[in-house]
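Notes follow the structure.
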Amino acid sequence: MKNWDVIVIGGGIIGLSLSLELRKQGTSVLVVERGEPGREASSAAGGMLVDCSTETPPALQPLATASARMYPEFVHELQVESGLHVDLRDQGTIVFPPAEHVYERPGFKLETLLPAPLAKLEPALADPNRPAFYLKERSVDPRGLTAAALQAARKRGVDVSSGETVTSVRVSDGRVQGVVTKKTSFLAPKVVNCAGAWSGQISPCAFPTRPVKGQMLCLASPSRNLLKHVIRSPEIYIIPRSDGRIMVGTTLEEAGYDKRTDVDTIQRLLRSAIAMVPELRNAKILEDWAGLRPGTPDALPILGETATPGYYVATGHFRDGILLAPITAHLMAQVVEGFSTDHDLADFSPARFQQ
Ligand SMILES: Cc1cc2nc3c(=O)[nH]c(=O)nc-3n(C[C@H](O)[C@H](O)[C@H](O)COP(=O)(O)OP(=O)(O)OC[C@H]3O[C@@H](n4cnc5c(N)ncnc54)[C@H](O)[C@@H]3O)c2cc1C
């Protein structure tokens with residue numbers, strides 16, 4: 001029976017990026033995926049690379065900053081290796097902050113933090129006088145990104161087994177032997193759980209991950225250059241893609257593993273988008289969907305080795321898994337290969353949830 005150096009459970013952006021990174025170092029890797037790789041949260045995401053936000057937990061800030069810096073190189077490598085184009089945009093984000101955050105004092109106006117008047121930056125916005133500021137953030141098309149990561153992984157010699165649900169990590173004499181699936185088993189001395197919102201369902205570790213549902217819709221822009229920037233406000237975000245599609249999101253719902261969208265929510269998102277950009281009333285809805293973010297009790301990822309030697313975890317990336325994929329792959333490859341890590345991972349240790 002074939003034996004791999006490492007088995008990665010879950011073919012989302014975290015599992016695929018990590019398997020690529022491990023493979024670069026000559027490690028043989030098998031990705032075991034329940035469905036088709038990249039079809040869960042990683043395809044449902046908006047793709048904003050938010051590296052500086054009041055919503056980013058302070059402990060996560062260094063990883064968010066490092067990962068955002070890695071992005072151009074990360075995408076470049078994926079494009080070269082996969083032969084696929086990934087839509088990475090760097091036009092930046094216009095942020096409309098919550099009313100309570102908008103303050104003015106002599107000599108300070110949020111408008112002065114814009115590189116040009118709002119009406120010039122985004123003529124399609126309904127209210128050119130709303131207080132706003134500009135962030136030099138990038139955005140990426142997550143579906144293109146995961147497709148390129150999968151293709152690159154295959155080309156680099158990562159084995160991928162789709163349609164295999166891992167039920168447990170096999171442990172014998174206190175050491176990992178591989179994984180057991182509903183149909184068969186696979187052998188490896190090291191296993192990394194990258195199963196996203198489902199990570200807690202695989203024994204022997206009960207990681208406290210939970211699904212946090214987000215609904216989104218995709219519009220066909222009535223004109224290709226309607227919007228340049230990502231627009232973020234407390235009620236909604238709007239993410240333009242280079243091919244003229246516009247993503248609108250989202251919700252944060254505690255709804256278990258239910259991935260259905262509901263008409264009222266989608267209509268509410270659409271109304272908010274039209275209130276912000278009136279021309280979108282002429283846009284056609286191409287698609288709507290919901291995805292499940294991997295949430296954790298303290299809103300921090302879980303990264304590191306578990307109490308079972310040889311069993312690792314990289315999950316719980318919640319709202320930032322697309323952003324954090326390059327740094328997670330880099331650091332977790334260091335952990336799995338037994339090297340010291342470039343960043344201190346103590347705040348993300350699985351031990352914080354183990355009694
Ligand atoms: C609506 C929405 C908007 C978002 N927007 C952004 C954004 O703008 N920017 C950002 O950075 N992040 C965003 N995110 C978050 C981001 O999508 C996630 O953090 C990220 O995709 C998590 O990646 P993952 O690989 O851990 O999980 P997933 O992509 O869910 O992958 C986990 C994989 O594991 C597989 N799996 C599960 N159980 C098993 C099992 N037992 N055996 C085998 N395989 C299994 C699943 O089938 C799945 O393919 C958003 C998420 C949502 C839902």
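Just so you know, ligand 1 is whichever comes first in the structure, and atom 1 is the first atom listed for that ligand.
- For the residue pair Ser28/Asp5, the side-chain donor-acceptor check at 3.5 Å is satisfied.
- Ligand 1 has an N or O atom lying under 3.5 Å from an N or O atom of Leu323, backbone or side chain.
- Taking CH2 from Trp198 and CG from Asn193, the interatomic distance works out to 12.0 Å, rounded to the nearest 0.5 Å.
- Residue contact check: Glu40 has heavy atoms under 4.0 Å from atoms 30 (O), 46 (C), 47 (O), 48 (C), 49 (O) of ligand 1.
- A salt bridge between Arg260 and Asp258 is present, with a side-chain N of the basic residue lying under 4.0 Å from a carboxylate O of the acidic one.
- Inclusion of Thr165 in the set of residues having an N or O under 3.5 Å from an N or O of ligand 1 is not warranted.
- Protein heavy atom in closest approach to atom 26 (O) of ligand 1: Ile14 CG1, 3.4 Å.
- To the nearest 0.5 angstrom, Ile322 atom CD1 is 8.5 Å from Leu49 atom CG.
- Near Gly196, the atoms of ligand 1 lying under 4.0 angstrom from a non-hydrogen atom of the residue are 26 (O), 27 (O), 32 (C).
- Considering backbone and side-chain N/O of Gly46, one or more are found under 3.5 Å from N/O of ligand 1.
- Separating the CG atom in Leu331 from the CG atom in Asp344 is a distance of 10.5 Å, to the nearest 0.5 Å.
- Protein heavy atom at the shortest distance from atom 20 (C) of ligand 1 is Gly321 CA, 3.7 Å.
- Counting heavy atoms of neighbouring residues, nucleotides and ligands inside a 6.0 Å radius, atom NE2 of His85 exceeds 12 of them.
- Smallest separation of non-hydrogen atoms from Leu63 and Ile327: O-CG2, 3.7 Å.
- Within the listing of ligand 1, atoms 32 (C), 34 (O) sit less than 4.0 angstrom from a heavy atom of Cys194.
- Cation-pi geometry between Arg138 and Tyr71 is not met at under 6.0 angstrom from the ring centre and within 45 degrees of the axis.
- Considering only non-hydrogen protein atoms, atom 38 (N) of ligand 1 sits nearest to Trp198 CB, 3.4 Å.
- Between atom 21 (O) of ligand 1 and the options Gly47, Pro142, Ser42, Gly214, the minimum heavy-atom separation is to Ser42.
- Residue contacts with ligand 1: Thr315 is excluded, as none of its non-hydrogen atoms falls under 4.0 Å.
- Remark: Asp243 does not engage Arg241 in a salt bridge, criterion side-chain N to carboxylate O under 4.0 Å.
- For a threshold of 3.5 Å applied to N or O pairs, the pair formed by Met216 and ligand 1 contains no separation below that value.
- Heavy-atom contacts of Met48 reach the following atoms of ligand 1: 7 (C), 8 (O), 9 (N), 10 (C), 11 (O) (cutoff under 4.0 Å).
- Scanning both residues, Val212 and Gly295, for their nearest heavy atoms gives CG2-CA, 4.3 Å.
- For atom 31 (O) of ligand 1, the closest non-hydrogen atom on the protein side is Gly12 CA, 3.4 Å.
- Under a 4.0 angstrom heavy-atom cut-off, Gln201 registers as lying outside contact with ligand 1.
- Scanning all protein heavy atoms for the shortest distance to atom 17 (O) of ligand 1 gives Ala41 O, 3.1 Å.
- Nearest protein neighbour of atom 42 (N) of ligand 1, counting heavy atoms only, is Val166 N, 2.9 Å.
- The existence of a salt bridge linking Lys24 and Glu77 is confirmed by a sub-4.0 Å separation between a basic side-chain nitrogen and an acidic carboxylate oxygen.
- Only the side chain of Tyr237 comes within 4.0 Å of ligand 1, counting heavy atoms alone; its backbone N, CA, C and O stay farther away.
- For the ligand labelled ligand 1, residue Glu33 lies inside the 4.0 Å heavy-atom shell.
- Looking at Glu164 against ligand 1, only its backbone comes within 4.0 Å, counting heavy atoms.
- Between Gly15 and ligand 1, a contact under 3.5 Å exists for no N or O pair.
- Salt bridge status for Arg39 with Glu33: absent, with no side-chain N to carboxylate O gap under 4.0 Å.
- Between the choices Ala44, Gly291, Ser17, the shortest heavy-atom distance to atom 2 (C) of ligand 1 belongs to Ala44.
- Side-chain N or O atoms of Arg69 include none that pairs as donor or acceptor with a backbone N or O of Thr65 at under 3.5 Å.
- Close approach of ligand 1 to His317 (heavy-atom distance below 4.0 Å) involves ligand atoms 19 (O).
- Residue Phe318 has at least one N or O atom closer than 3.5 Å to an N or O atom of ligand 1.
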